[in-house]
Amino acid sequence: MPILECRMLTKRYGELAALDGVNLAVEAGHVVGLLGPNGSGKTTLIKLANGLLSPTSGEVLIGGKLPGPETKRLVSYLPDRCCLPDWMNSEQLIDFYSDFYEDFDAARAGEMLSHLKIDAKMRVRAMSKGTREKVQLILVMSRRAKLYLLDEPIGGVDPATRDYILETIIRNYDPEAAVVISTHLIADVEPILDEAVFINNGRVVLQKSVDELRAESGKSVDETFREVFRCWENS
Amino acid sequence: MLGKLLKHEFRATARMMLPMLAVLFGLNLLADASMLLAEHTREGFLAFLLALIVGLFFVGVIVAVVMTLVVLTLRFYRNFFGDEGYVTFTLPATVHEQLWAKLLAALVWFFATMLEIALCFGLMGLTLSLMQGFDFSGIVWDNLREALRQFGTLGLDSLFAMLIGTLVMLLQLYAAMSLGQMFSKKVLMSVVFFFALNLVASILGSAVTVPALFHPVVSPQSYPDAVRLFSHLIRSNNFTQLVFGVALYFCSVLCLKKRLNLA
């Protein structure tokens with residue numbers, strides 16, 4: 001059974017279809033790139049999988065179940081912005097995550113914080129944007145989740161932080177879990193992807209294994225992405 | 001899970017509420033000391049300053065009540081529908097647990113504020129009794145006993161009405177925000193829904209109290225009948241409020257479960 005499955009998933013905002021009949025299946029043990037330009041529907045899909053939005057029609061299933069408290073135990077979600085309460089410090093955040101998630105590894109989170117020399121007593125509001133993103137990622141990746149949904153984890157950070165984030169994702173995720181990374185920065189994530197899903201105008205336009213894609217086109221995923229979306233722009 | 005949610009809810013709200021309650025208590029001590037000092041001063045400016053401090057305490061009481069309402073409303077809105085909502089609604093908790101955690105913590109803070117205000121006024125009465133030489137605790141106790149003798153269960157009904165009134169006010173705020181978040185102009189729509197729900201509450205209230213006033217059996221001119229009428233009114237109102245509160249609760253649950261919109 002796929003860990004993440006979308007069946008004719010549609011989300012409309014008035015006349016605008018943010019997602020339009022998406023069918024998608026993500027199996028455990030894969031790192032999947034949800035790739036598309038800005039406004040293509042990546043964030044909407046991830047929010048729907050987290051139960052933060054309600055679909056207009058169709059359904060999204062996590063381990064065969066509709067989003068709810070049970071599926072939230074399985075999913076570790078990194079939003080596209082810092083959503084941590086700004087009055088808390090890292091120590092309090094670790095306590096918060098330990099309380100709510102049985103699979104949260106507080107020791108691992110502490111190690112990563114000290115490795116990055118982040119003061120555990122510093123409040124979120126006093127942190128730089130990059131530090132906030134690192135703390136949020138540390139919290140998300142310190143869980144032994146079945147599915148990691150990472151929305152733009154490398155958007156808006158410097159190249160060094162970008163490398164650290166990708167390294168953290170690969171080093172910390174359980175090989176039996178699935179990771180979905182939504183981004184438009186394909187070249188940076190390409191080395192860690194097993195599968196690519198191209199999404200545009202709320203529709204999945206391609207879903208293939210990265211090796212297959214490279215073999216068929218003789219190009220990198222990044223080059224294929226540019227080609228596919230140039231076609232879309234011109235059409 | 002509710003216990004954990006409550007723990008973190010109290011931790012989040014205490015950082016605002018505890019200093020506020022401490023400041024109010026400090027103001028009360030200052031006001032009490034000022035009253036005692038004012039007895040022994042003849043200097044005009046000092047007396048004015050001392051009166052100002054006492055006045056400041058009364059302003060503090062109003063500010064404390066308003067602040068409690070503002071802090072708890074903002075906490076609900078930000079924690080549910082602001083950026084923090086992404087963390088809140090990805091916790092493995094049910095919508096019922098999330099709502100109850102907010103509601104119970106808010107109720108506790110409201111009653112803590114009321115209790116502190118009562119305590120402050122008690123201290124003020126005690127200070128006055130020291131100055132004027134009367135038995136304050138004796139007067140309070142006698143009055144309470146007399147009220148209980150005269151009004152019987154009316155006092156209990158009124159206490160219950162206070163509890164339900166606070167509960168329904170919070171539920172009305174929560175329902176208005178839960179309905180408002182479904183639209184793109186969340187804040188504006190929350191305000192609109194709050195006033196709309198207020199209108200519904202007023203209509204429901206009138207529908208219960210107005211017919212009761214024309215009850216043929218009771219005559220408000222007779223004292224026991226008037227007490228009975230008030231008791232009847234309060235109980236009817238409590239029941240209507242309770243029903244309205246339950247409707248507001250399920251309205252919020254439905255919005256958060258089926259129509260959550262953290263777009």
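Convention: sequence-line order gives letters A, B, ...; per-chain numbering from 1.
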Main-chain N/O of B:Leu262 paired to A:Lys47 side chain as donor or acceptor, under 3.5 Å
yes
N/O donor-acceptor pair under 3.5 Å between B:Lys4 side chain and A:Phe96 backbone:
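Between the backbone of A:Phe96 and the side chain of B:Lys4 there is no qualifying donor-acceptor contact (under 3.5 Å).
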Got a sec: does the [atom1] of [X] have more than 12 other heavy atoms crowding it under 6.0 Å?
X	atom1	value
B:Phe160	CZ	no
A:Glu59	CD	yes
B:Phe239	CZ	no

To the nearest 0.5 Å, atom CG of A:Asp151 lies from atom OH of B:Tyr86 at 8.5 Å
Could you measure the distance from the SG atom of A:Cys82 to the CG atom of B:Asp83? Nearest 0.5 Å is fine.
8.0 Å
Structural part of B:Leu256 lying under 4.5 Å from a heavy atom of chain A:
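Nothing of B:Leu256, per the 4.5 Å heavy-atom cut-off to chain A.
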Among A:Pro79, A:Pro67, A:Cys83, residue most engaged with chain B (heavy-atom pairs, under 4.5 Å)
A:Cys83
Relative to chain A, which of B:Arg15, B:Arg259, B:Met1 shows the most heavy atom pairs under 4.5 Å?
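Of B:Arg15, B:Arg259, B:Met1, B:Arg15 has the most heavy-atom pairs under 4.5 Å with chain A.
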Please tell me if the side chains of [X] and [Y] come closer than 4.5 Å, counting only heavy atoms from C-beta onward.
X	Y	result
B:Glu84	A:Pro85	yes
B:Leu91	A:Lys72	no
B:Leu260	A:Leu53	no

Quick one, B:Lys7 with A:Asp95, criterion side-chain contact (heavy atoms from CB on, under 4.5 Å). Give me CA distance, side-chain angles, the key distance, then yes/no.
CA-CA 11 Å; B:Lys7 171 188 155 187; A:Asp95 178 46; 3.6 Å; yes
Would you check, one step at a time, whether the test side-chain contact (heavy atoms from CB on, under 4.5 Å) holds for A:Leu52 with B:Thr90?
CA-CA 8 Å; A:Leu52 299 173; B:Thr90 44; 4.3 Å; yes
Test side-chain contact (heavy atoms from CB on, under 4.5 Å) on A:Asn50 and B:Phe89 and set out the steps.
CA-CA 8 Å; A:Asn50 277 295; B:Phe89 285 111; over 6 Å; no
Can you see which heavy atom on B:Pro92 is nearest to which on A:Pro69, and at what distance?
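Where B:Pro92 meets A:Pro69 most closely, the heavy atoms are CB-O, 3.5 Å.
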Heavy-atom distance under 4.5 Å to chain B: side chain of A:Arg81, backbone, both or neither?
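Interface part for A:Arg81: side chain.
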Would you call A:Asp86 and B:Arg78 a salt bridge, taking side-chain N to carboxylate O under 4.0 Å as the test?
no
